[in-house]
Amino acid sequence: MDSMERLRFRSRGSSAAVRSRSQILTDYEDDKKYSEVLLDKYLFMFLGAFYTFILFVIILCEGYLPSPRSIGDVAGTTSSRSKQYKLFTGNEDNSQFSPHYLTNRFSEERARNILNELVSIGPRPTGSYENEVLAFDFIKRQLEFIKSQAENVHAFNIEVQKPTGSFFLKFGDGFTSYYRNVKNVIARIGPRNYTGKSLLVNCHFDTVPTSPGASDDSVNCATMLEILMVLSNQNRSLPHNIVFLFNGAEENILQGSHGFITQHRWAKEIQAFINLESCGAGGRDMLFQAGPEHPWIVQAYTEGAKFPFGSIVAQEVFQSGVVPADTDFRIFTEFGGIPGLDFAYVRNGYVYHTKYDRPEFINEGSIQRTGENMLGLIHNILKSPHFNHPLEYRSSKLVFFDVLGLFMITYSASLGTIMNESIAILTVLEIFLKIRLRMDKIYTTVIQEASRLLIAISITLSSAVLALCVNLAIAAVLGAVGYSMTWYNRPYWILGVYFFPALSCLILVHWFVTLQRRQAKGSDWEAEDLYYDAVRVIWAVIICLMTRFDIHSAYLPTVLLLFTTAIRSLGGRLCISTKTKGARLKLIIIHLSSQAIPLVIILYNCWQVFLVFVPIMGRTGAQVNPDLIIGAVTAIIAYICTSYMLTLVHVARYVLQAVGVLFLLFITCLCIVCLSPLGFPYSEDANSPAPQKYIIAHVERNFHSKSGELLLSDGGFWIVPLDHNGPYSLFPFVPELQNAELVECVSHPYCGMPYYLPFVSKLKKSYYLKGSKPKIHTPFKLELVEMQTLNPELRKLKFRVTGPTHMAIILCPVEKVILLRWSLTYSLPHPGVVTWNERPVYFIYYSDGEATTPWEFWVDLEVPSDFTSDQPIVDLTFNTHYLHGSDMIGEDLQELLEKMPPWTHVTAWTSTLQSYIF
């Protein structure tokens, strides 16, 4: 080959090489364009997959429970019942007091055996034989056995308390609680050298009248017995005492705990407490109240719990009064002045206070999880240097929340305030700098830029308001046509009935604005960036408002703002400002990356909200349509979870198709819930019950005049639906209920009905079916023993009351008459928040563990000097409640209950009402 040919060959080779590289670049650019076309077409599908994956991870973590340990796992297999409590073999080295050492010896099997025995007693209302004798004796015998097996290094004492006392409680409509002879069983374990410092661990063994109470609260009593066994079998003494309180009167609205903390001699040495409760069955025990103002005790849980689960959000929601419940936490903090932690099972709230509250609904691993958590917590509290003098370490509240149950984040509320406001202010400053750069670049004015931002903020908020209004309209229509609570038994219908239409509204508002802008040839990505800034300003304002009002749940919007500003405002601006290839794809990836962690935290909390609140909607009373609440909450959550993703609508192309799919899913779900059995709210399924709840009292009522003349005497059935669908859902099964009359609340205090507790504001909508009077064998009577005129303006009335273990007195002084004092409490009488004809109403709730002697009390009334002895000065209502025994359910009431459909749960008893004027 000559030189010329070689040159031509080299030239051809070089040209071929150039063409090859050019082709590669062309192919690369084509791939980029194709990728962006695919991104346009499948953007919403990709976003849906993104959210679905995060939800999948959340559900996976939320459902995790440890494997339960058998008796053999912790002590070696043995068939001897007398040996089943023995935790350690002779060869074990148990010389270390450590969390790992303790938690490895907790056995769910042994705790579950105790649970089964306690539940087998049946319902155990205070005052019943089942509670005062059988359950009391069972727990006492368990404690005595554990004491007999305890190592000699421990001082182990058991005491029985039967306190009598009273207090005012701001629960429901507010009432004075008076109790006599309720029973507490108390055990104390500690070092032989007495330290004078104790940790209190509390549960209650009583139940509501018609529930076996497996989760509320037998499981926690069983857990405490197992914890006590673990602690007593270690051969090293504890640093301080632990008092285990098994109280027998919590369902009487916190009377047992009050009796202990105000009267027992061991109460003076309590430095901190742990309260174990339940509003569901199984799952994970949530820390939902902490403190107050003692961050160290939350820190002890954070560091000691193997499976942390809790949130300041749950605490603030519970303490707001939204949840119709209260716990002994209030008693220990308000009357004892001690810090503590409040835990509760929250899954499967459908069985709460029903016949379905049985051990089989407590998941395997739930008890193990609680036991190991509590042992780790107890260890850390007793070892804490703060425990000796907790009052010296009072500080601001602690913000706490767990992340997927894997770990817990805590910091002081004061630090949270600084972080929240700093992040909000820095974000606003960063947005201001962006505006300044834009002004310098395209020569706009401050007013023009501010107007653009304010318009974007207004449009964003308008989309949220529209979503809220649409959901409320859907809820109102469904309630009006009789399809309320279709999601109750199957919460996933909330997604189709409320979330999809809310999301469609959010998207459509932004799409309408996008179409208008595109007609004006505006830039999509500039608009996307503008609305991104608008969302950040909204969250910054919300953060500042929440922080100023001491709402510590502000950490949620702070997380949203922090990650988006930190990640997107750096990487995102780089992608837009440069002319690099694939900037659009990079920006979307960065945008999603900035949302990953915030969405995990936000969606995790939203999941817990629905997990807890959907079952609660079945016991909020018939006055309010719960669909309005669920619809509103869903719309708010939809905006929170998608606020930043909505900015992508401004650069998307196939928006109407996505909205069409959402609308089609909404219509499909709506048709299913309205036209098929899948929309029926309730379930009698033995594996997953979701009953409709009622209170039905067989009532005898007698109304007397001032002279004692009987004005009205009747009998019948007082029907109190606990949700919006009652009692209409019962008409096909119990036709006579169609004759029930809506109770009016004008003529008499508390609607002239024998309210067990003062909940007339929540349970005002009730019905009365006139019928037979109940047959009652236990005598009941209220006597005016004496009326003294102490001076022309002061009269003392003395009463004697006999009746069942549960009664109520309602006092309503006439106009110008003042209830000065009484023998019921040392403090001044407190009226409730409910009035009658603009007169104050005093509700007195009474319970007795034994009911062996009459109850006597007196009241002093200040009257105008011109009142004569014949003028009435006070209306008095005397209610009795037969919650146990042969008088609880008579033949007529039983006949009515047998007609009730199987998907209902009725809490039923016999009651009387006597109305007097003195």
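Below, each value reflects all heavy atoms present in this structure, side chains not excepted, and no hydrogens, waters or symmetry copies.
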Across all chains, not counting sequence neighbours, the side chain to side chain contact (heavy atoms under 4.5 Å, CB included) partners of Cys61 are Val57, Leu404
| query | When the ring planes of Tyr531 and His510 are compared, do they come out parallel, tilted or perpendicular, using 30° and 60° as the limits? | reply | perpendicular
ask   = Relative to each other, are the rings of Phe666 and Phe663 parallel, tilted or perpendicular (30° and 60° limits)?
value = tilted
### Message
Any carboxylate oxygen within less than 4.0 angstrom of a Lys/Arg side-chain nitrogen, looking at Asp533 and Lys434?
### Response
yes
Before you tell me yes or no, could you show the steps for Phe44 and Tyr654 under side chain to side chain contact (heavy atoms under 4.5 Å, CB included), namely the whole-Å CA-CA distance, both residues' side-chain angles and the distance that decides it to 0.1 Å? CA-CA 8 Å; Phe44 289 100; Tyr654 296 89; 5.5 Å; no
Self-check item: Electrostatic pair Arg438:Glu526 at N-O distance under 4.0 angstrom
Solution: yes
Quick one about Thr410 and Gln299 (side-chain donor to acceptor, distance below 3.5 Å, no hydrogens or angles considered), yes or no? yes
* Does the separation of the ring centres of Phe401 and Phe309 fall below 6.0 angstrom? -> no
### Query
Looking at Asp524 and Arg653, does any basic side-chain N land under 4.0 Å from a carboxylate oxygen?
yes
Note: Tyr488 and Pro615 closest approach over all heavy atoms is OH-O, 3.6 Å
Given the options Leu665, Thr668, Thr634, Ile667, Phe500 meets side chain to side chain contact (heavy atoms under 4.5 Å, CB included) only with Leu665
Would Arg436 and Glu449 count as a salt bridge (Lys or Arg N to Asp or Glu O under 4.0 Å) here? Give the steps.
CA-CA 9 Å; Arg436 289 291 303 174; Glu449 292 299 320; over 6 Å; no
- Message: Is any side-chain heavy atom of Lys762 closer than 4.5 Å to one of Thr620?
- Response: no
**Asked** Without hydrogens or angle criteria, can the side chains of Ser484 and His724 be said to hold a donor-acceptor pair below 3.5 Å?
**Response** no
The residue among Ile637, Ile54, Ile640 that forms side chain to side chain contact (heavy atoms under 4.5 Å, CB included) with Leu603 is Ile54
> Can Glu316 and Ser553 be counted as having a side-chain donor-acceptor contact under 3.5 angstrom?
Replying inline: yes
Start with the C-alpha distance between Leu398 and Ile297, add both sets of side-chain angles, then the distance that settles side chain to side chain contact (heavy atoms under 4.5 Å, CB included), and finish with yes or no. CA-CA 10 Å; Leu398 197 71; Ile297 197 169; over 6 Å; no
Any luck finding a side-chain donor-acceptor pair between Thr564 and Arg536 under 3.5 Å?
no
Do the numbers put Arg568 on top of the ring of Tyr532, so that NZ or CZ is under 6.0 Å from the six-membered ring centre and no more than 45° off the axis? yes
Which of Asp627, Leu478, Asn625 passes side chain to side chain contact (heavy atoms under 4.5 Å, CB included) with Met485? It is Asp627
* To do: Check the pair Leu287, Phe400 against side chain to side chain contact (heavy atoms under 4.5 Å, CB included), reporting the backbone distance first and the verdict last.
  => CA-CA 10 Å; Leu287 172 60; Phe400 60 94; 3.8 Å; yes
